[in-house]
Asks: 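Can you read through this structure? Questions will come right after.
Side-chain atoms are counted along with the backbone in the values below, which use heavy atoms only and exclude waters and symmetry mates. All figures in this text were calculated on a predicted structure; none of them were measured in a lab. Lettering of chains follows the sequences in order, A, B, ..., and the numbering in each one begins at 1.
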Amino acid sequence: MELKALLKSENRLKKNKEFKITYKKGNSFANRDFVVYYKKNSLGFSRIGFSVSKKVGKAWKRNEIKRRLRETLRKNNSLLSKSCDIIIIVRQTIKDTDYFSMEKSLNHALKGSELID
RNA sequence: UAAGUAAGUCAGAUGAUCGCUGAAGUAAUUCAGAGGAAAGUCCGGACACCAUAGGGCAGGGUGCUGGCUAACGGCCAGUGAAGGUGACUUUAAGGAUAGUGCCACAGAAAAUAUACCGCCGGUUUUUCCGGUAAGGGUGCAACGGUGCGGUAAGAGCGCACCAGUGCUUAGGCGACUAAGCUGCUAGGUAAACCCCACUUGGUGCAAGACCUGAUAGAGAGGCGUAUGGGGCUGCCCGUCCCGCUUCCGGGUAGGUCGCUAGAGGUAGAAGGUAACUUUUAUCCCAGAUAGAUGAUCGUCUGAAACAGAAUCCGGCUUAUAGACUUAGUUAAUUU
RNA sequence: GGAGCUGUAGUGUAGCGGUUAUCACGUCGGCCUGUCACGCCGAAGAUCGCGGGUUCGAUUCCCGUCAGCUCCG
């Protein structure tokens, strides 16, 4: 699958139901900045959802975080072949970190959940 | 030069690589892509549905004058009051003689009554009676203020000036201002109830319309309309529904539309002190749906603030780095 | 996106415009007890979320603002 397709609509978690199922039946891993829920699916590709609480910041701040997360995942396309539903929850500590340390932290979180090598 | 006042503008730019959303195109590709506040949701509209969008009362809102506007609690121009040396700023600013309430403590007395210390007269010299409200004292506030006359002592009792109120004249569309005159003195509070004038139906794009369409009833016609219940903001009137029967077909979830050409932008002309209006030319300028603008590198000038459209407009309020423009004011120095 | 509610000692709450403000739990000190608890007595602890305005005087009335919470798919 092509790299740019990662963020097409079929690769995103959308429905509230899907989120709830992943929360209930999936496994989780957490570090200082992120919580990752993941669960195998039968689609042959992965779907990813983001969850950024209002406690993190105002609207423009949350948008910025989501943009940067998408950029990080775009560079790192190995997630797609896993066929998983993934939810990435952002914690409050992310507020003051810059792009590079965020990327590092996210990779650590994904390694911990054995989604990437 | 310093301090301060008012009005207004911009809101990083540019190049490269990799990406996101929409439109056009068979395709390569091309074009467009967050704000001055997009925010708060404090007002006003458009639009949609609710019942025909109704009547009365209650309730809500606004409150100096004139104008502007689709409308407004907004804006513009003025009036009064308050503040500032000044440029200028602020202003919920109708009515207290329609009525009701309240004015703690203190004080004689807090609104139609009264006299604590006093002053004066008479009698008596402990006091009592009468007159008085000038002085003291209380308080945010004491039935006008200052001065002179007057008096037993006093008092708008009389006079002059001032404050208020009423009337007349002049100016102004008007709020009001100026001058003159007569009578005389009226406590404050309406962001207390209230009165007066104007105004106000409710719900909100999660409005609503259509497509597909499990289970079972949204709709239409007829009959009945006694009681009771429910809906239409609260109550009353009025009105619709709930009952029975016949016909007909269609909740939630999903998708499409609503969804962006508009009280639109830019430039000019005319009218107006201005807000704004009229008109000519020209432009098309986000439309997502878990929700699109990012990352890296280079240069300028320094990894600049507040901060992200969600139906759309007009305002208000709040947040905001840095830079700039224009017009007044005050003070100091020099010529 | 839209609609609403609440802010008062550490916590949960009362409060007619008129004393820098009530009660309970908690805290601190004392009494009681061999000791602790219970009980009794006393004390401290509040910029009434913040900023303006009305008023002689605001926790209370009005305006703005901030924070928290609830409801509507």
Side-chain angles (χ1 to χ4, degrees):
Chain A
M1 194 164 281
E2 282 204 317
L3 197 138
K4 68 177 182 180
L6 179 75
L7 296 172
K8 291 283 185 188
S9 62
E10 56 186 3
N11 294 99
R12 280 179 278 181
L13 269 183
K14 287 178 176 176
K15 304 289 178 293
N16 200 16
K17 258 186 204 170
E18 297 167 354
F19 270 82
K20 277 180 179 169
I21 289 170
T22 311
Y23 281 134
K24 260 190 177 177
K25 304 195 172 176
N27 304 314
S28 68
F29 179 84
N31 69 356
R32 209 171 67 88
D33 296 322
F34 299 100
V35 181
V36 180
Y37 281 84
Y38 54 99
K39 173 183 162 293
K40 289 264 177 190
N41 66 13
S42 53
L43 295 170
F45 53 86
S46 290
R47 296 188 297 180
I48 299 173
F50 301 107
S51 175
V52 187
S53 160
K54 264 190 181 175
K55 287 175 183 172
V56 174
K58 302 200 174 187
W60 68 273
K61 181 74 184 171
R62 302 201 299 270
N63 259 343
E64 190 179 49
I65 289 166
K66 282 190 273 184
R67 263 185 237 127
R68 286 176 171 175
L69 284 174
R70 271 195 291 274
E71 174 67 18
T72 312
L73 295 176
R74 189 177 64 78
K75 288 180 173 175
N76 206 333
N77 60 343
S78 62
L79 271 179
L80 279 175
S81 51
K82 296 286 183 183
S83 184
C84 279
D85 288 344
I86 302 164
I87 300 175
I88 297 170
I89 298 170
V90 178
R91 299 181 131 176
Q92 287 187 56
T93 49
I94 205 77
K95 268 190 264 186
D96 303 321
T97 49
D98 60 7
Y99 176 78
F100 289 109
S101 31
M102 199 190 79
E103 191 176 17
K104 235 184 242 176
S105 179
L106 180 63
N107 284 334
H108 170 255
L110 292 174
K111 269 178 200 168
S113 47
E114 297 173 353
L115 290 165
I116 57 174
D117 305 324

Asks: On a plain distance test, is the side chain of A:R67 in donor-acceptor contact with the base of B:G19 below 3.5 Å?
Replies: no
Asks: Rounded to whole angstrom, note down the C1' distance from B:C76 over to B:U182.
Replies: 43 Å
Asks: Looking only at atom P, what distance separates C:C23 and C:C41, rounded to whole Å?
Replies: 14 Å
Asks: For B:G291, does either OP1 or OP2 sit under 4.0 Å from a side-chain N or O belonging to A:R70?
Replies: yes
Asks: How close do A:R91 and A:R32 get, counting heavy atoms only, and between which atoms?
Replies: CD-O, 3.5 Å
Asks: Using 0.5 Å steps for rounding, measure from the OG atom of A:S51 to the OH atom of A:Y37.
Replies: 10.0 Å
Asks: Checking one value: the base orientation of C:C16, syn if chi is within 90 degrees of 0, otherwise anti.
Replies: syn
Asks: When you measure from the side chain of A:N31 to the backbone of A:S105, do you find a donor-acceptor pair of N or O atoms at a distance under 3.5 Å?
Replies: yes
Asks: For nucleotides B:G231 and B:C223, find the distance between their C1' atoms and express it as a whole number of Å.
Replies: 24 Å
Asks: I want to verify the glycosidic state of B:G328; is it syn or anti under the 90° rule?
Replies: syn
Asks: Rounded off to whole Å, could you give me the CG-to-C1' distance for the A:L73 and B:A295 pair?
Replies: 13 Å
Asks: What integer distance in Å separates A:W60:CH2 from B:A37:C1'?
Replies: 15 Å
Asks: Would you mind calling C:U19 syn or anti? Take O4'-C1'-N9-C4 for purines or O4'-C1'-N1-C2 for pyrimidines, and syn is within 90° of 0.
Replies: syn
Asks: Pick one for B:G156: is it syn, with its angle within 90° of 0, or anti?
Replies: syn
Asks: Between C:C61 and C:G7, how far apart are the P atoms? Round to whole Å, please.
Replies: 11 Å
Asks: Just the rounded figure in Å: distance from P of B:A288 to CG of A:N63.
Replies: 16 Å
Asks: If I take atom CD in residue A:E71 and atom C1' in nucleotide B:A295, what distance separates them, rounded to the nearest angstrom?
Replies: 4 Å
Asks: Please name the nucleotide paired to B:U14 by Watson-Crick or G-U wobble geometry with both distances under 3.5 Å, or report none.
Replies: B:G298
Asks: Would you say the side chain of A:L110 lies within less than 4.5 Å of the side chain of A:L73, judging by non-hydrogen atoms?
Replies: yes
Asks: Using side-chain heavy atoms (C-beta onward) and a distance below 4.5 Å, is A:W60 in contact with A:E64?
Replies: yes
Asks: Reckon A:R68 touches a base, only the sugar-phosphate, or nothing at all at heavy-atom distances under 4.0 Å?
Replies: sugar-phosphate
Asks: Taking the P atom in each of B:U125 and B:A104, what is the distance between them to the nearest angstrom?
Replies: 45 Å
Asks: What I'd like to find out is whether the side chain of A:L106 reaches to under 4.5 Å of the side chain of A:D33, using heavy atoms alone.
Replies: no
Asks: Have a look at B:U69 and give me syn or anti from its glycosidic angle (syn if within 90° of zero).
Replies: anti
Asks: Roughly how many Å is it from NZ in A:K61 to P in B:C306, rounded to a whole number?
Replies: 11 Å
Asks: So if I take every side-chain heavy atom of A:F100 and compare against B:G294, B:G308, B:U296, which nucleotide ends up nearest?
Replies: B:U296
Asks: Between B:G55 and B:U256, how far apart are the two P atoms, rounded to whole Å?
Replies: 43 Å
Asks: Compare every heavy atom of A:F29 with every heavy atom of A:A109, then report the nearest pair and how far apart it is.
Replies: O-CD2, 3.3 Å
Asks: Go ahead and name the base partner of C:C69; Watson-Crick or wobble counts if both distances stay under 3.5 Å, otherwise write none.
Replies: C:G4
Asks: Within this structure, what is the CD-to-P distance between A:E64 and B:A34, rounded to whole angstrom?
Replies: 17 Å
Asks: Between B:A319 and B:C306, how far is it from one C1' atom to the other, in whole Å?
Replies: 6 Å
Asks: Distance between the C1' atoms of B:G187 and B:G61, in whole angstroms?
Replies: 33 Å
Asks: What does B:C140 pair with, Watson-Crick or G-U, if both distances are under 3.5 Å?
Replies: none
Asks: Can you tell me how far C1' of B:A288 sits from NZ of A:K66, to the nearest Å?
Replies: 12 Å
